[in-house]
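Data first, discussion second: the structure below is written as structure tokens.
Chain naming here is simple, since letters A, B, ... match the order of the sequence lines and numbering starts at 1 in each.
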2 protein chains.
Amino acid sequence: MPEVDAFDLKILAALQDDGRLTNQQLGDLVGLSASQCSRRRMRLEEEKVIAGYHADLAGEALGFGLIAFIHITLATHSPDNAKRFRELVNRVDDIQEAYALTGDADYVLKVMLRDLKSLSDIVNNVLMPHQSVAHVRSSIVLDRLKESTKLPLKALQE
Amino acid sequence: MPEVDAFDLKILAALQDDGRLTNQQLGDLVGLSASQCSRRRMRLEEEKVIAGYHADLAGEALGFGLIAFIHITLATHSPDNAKRFRELVNRVDDIQEAYALTGDADYVLKVMLRDLKSLSDIVNNVLMPHQSVAHVRSSIVLDRLKESTKLPLKALQE
DNA sequence: CCATTTCATGCACGGATCGTGCGCACTTCT
DNA sequence: AGAAGTGCGCACGATCCGTGCATGAAATGG
């Protein structure tokens, strides 16, 4: 169980906003020296509180204009079937996120694609024919109101 | 319309994996000098192909053990109502992602929370009482099979 | 066909940044 | 009170950063 104090939270919040902050900039923001920020950052990385750093790319600029959620119901709930479905999910790069859910469907997938034809390809040629899949229903994203993976750390800083 | 060549794609793919790569490391990976990588990276940032860099934090380690999707149906589809709902979404930090959808529901929200009580709070005390909202249905995430925001750039590198 | 322009590249260099060793202040425990 | 431990800033050598500049290849034009 990693210990995270108020300085750590500030550092995490800052790096969540800008993952390429210099230790000096970080120090100015949180009120520590650069060396100390370097040490804390290394510790947080070591403890896997910071899982990694990633560039956030503009999907539209690169031709990925379509986001969709695909709800999946499995044919049976046998372990074998679930395993096969997991392998499928990991194999397909277009699937960005995949969750097992309570409620109507068994799984929901988030995909980012070039166009509707690509979605049709995925659904009809990859998912539907797979032996583990019984039912597929997709919802197309019309508008992105908000999209970030930032945790609300402010709530912890009281 | 930004131009992106094969070197740029390699750079983007590498920075998508590790956003703190040194220009030297980047150069070794893609087969360019560090200075050239620096210049290309600056251009891609300038053109907003790279939208930013973010630390990816381990939600569980920080006490965010619960992910849920909340499907929302609006009371009416008037522009006023939609606007009020957008303001609500932007105001609540626990809502990480929000999309307008085709299909059954009008919107889907992705939230990351501490526990079921927090989910109940959000649903019953924030969303349900809001005048723009007519119907709320939430699905809790039982398991995360895959979670990344990486674009499948490989498909573009043919 | 050749002269000229344009452009991407690698190298060099001064300044910034990095991780680490060290000494100091403060807390904790006996 | 004394010892051990902890977190801090400073200092320092190594690395990394952005930029100016020369080179060479491709495009342009007469």
Side-chain angles (χ1 to χ4, degrees), chain A residues 1-58 60-63 150-151 153-158, chain B residues 1-58 60-63 150-151 153-158:
Chain A
M1 188 80 71
E3 312 241 340
V4 177
D5 68 10
F7 282 127
D8 291 331
L9 279 178
K10 282 192 186 180
I11 289 173
L12 292 174
L15 287 174
Q16 203 172 212
D17 270 333
D18 182 353
R20 283 190 81 99
L21 281 174
T22 284
N23 288 325
Q24 184 61 54
Q25 297 171 307
L26 211 47
D28 292 343
L29 283 173
V30 308
L32 281 177
S33 67
S35 57
Q36 202 56 18
C37 285
S38 170
R39 279 187 276 253
R40 281 173 178 269
R41 204 159 57 75
M42 283 178 69
R43 180 171 56 77
L44 292 167
E45 291 167 8
E46 189 72 26
E47 293 173 346
K48 308 286 184 195
V49 177
I50 298 176
Y53 302 90
H54 304 283
D56 180 17
L57 306 184
E60 297 89 347
L62 294 163
K150 291 184 198 167
L151 300 178
L153 296 180
K154 229 184 306 177
L156 303 177
Q157 289 176 4
E158 83 268 18
Chain B
M1 191 79 74
E3 313 241 338
V4 177
D5 67 10
F7 281 126
D8 292 331
L9 279 179
K10 282 192 185 179
I11 289 173
L12 293 173
L15 288 174
Q16 202 172 213
D17 270 332
D18 182 354
R20 282 190 82 97
L21 280 174
T22 285
N23 287 325
Q24 184 60 56
Q25 297 171 308
L26 211 47
D28 292 344
L29 283 173
V30 309
L32 282 177
S33 68
S35 57
Q36 201 55 18
C37 285
S38 169
R39 279 187 276 252
R40 280 173 180 268
R41 205 158 57 75
M42 285 178 67
R43 181 172 54 77
L44 291 167
E45 290 167 10
E46 188 73 25
E47 293 172 348
K48 306 286 183 197
V49 178
I50 297 176
Y53 302 89
H54 304 284
D56 180 17
L57 306 186
E60 296 90 346
L62 295 164
K150 291 184 198 167
L151 301 178
L153 296 179
K154 227 185 306 177
L156 303 177
Q157 289 176 3
E158 85 270 16

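From Ile11(B), atom CD1 reaches atom CG of Leu153(B) across 12.0 Å, with rounding to the nearest 0.5 Å.
Leu151(A) and Gln16(A) get closest at one heavy-atom pair: N-OE1, 2.5 Å. When every heavy atom of Leu21(B) is checked against every heavy atom of Ala14(B), the shortest pair comes out as CD1-O, 3.6 Å.
Looking only at side-chain heavy atoms (C-beta outward), Ile50(B) and Leu57(A) come within less than 4.5 Å of each other.
No donor-acceptor pair under 3.5 Å is formed between the side chain of Gln36(B) and the backbone N or O of Ser33(B). At least one donor-acceptor pair closer than 3.5 Å links the side chain of Asp8(B) to the backbone N or O of Asp5(B).
Listed candidates were dC10(D), dG18(D), dT19(D). Nearest to the side chain of Ser35(A) is dC10(D).
Thr22(A) comes within contact range of the sugar-phosphate backbone alone, with a heavy-atom separation under 4.0 Å but no base atom that close. Across all strands shown, Gln24(A) has heavy atoms under 4.0 Å from sugar-phosphate atoms exclusively, and none from any base. At the heavy-atom level, Arg43(B) lies nowhere under 4.0 Å from the strands shown.
Gln36(B) has its CD atom 15 Å from the C1' atom of dC17(D), to the nearest Å. Counting to the nearest Å, the P atom of dC16(D) and the CG atom of Asn23(A) are 14 Å from each other.
When DNA chain C is scanned in the 5' to 3' direction for atoms under 4.0 Å from non-hydrogen atoms of chain A, the outermost contacting nucleotides are dT17(C) to dG21(C).
Taking for each of Arg20(A) and Arg39(A) the nucleotide of DNA chain D with the nearest heavy atom, the 5'-most of the two is the partner of Arg39(A).
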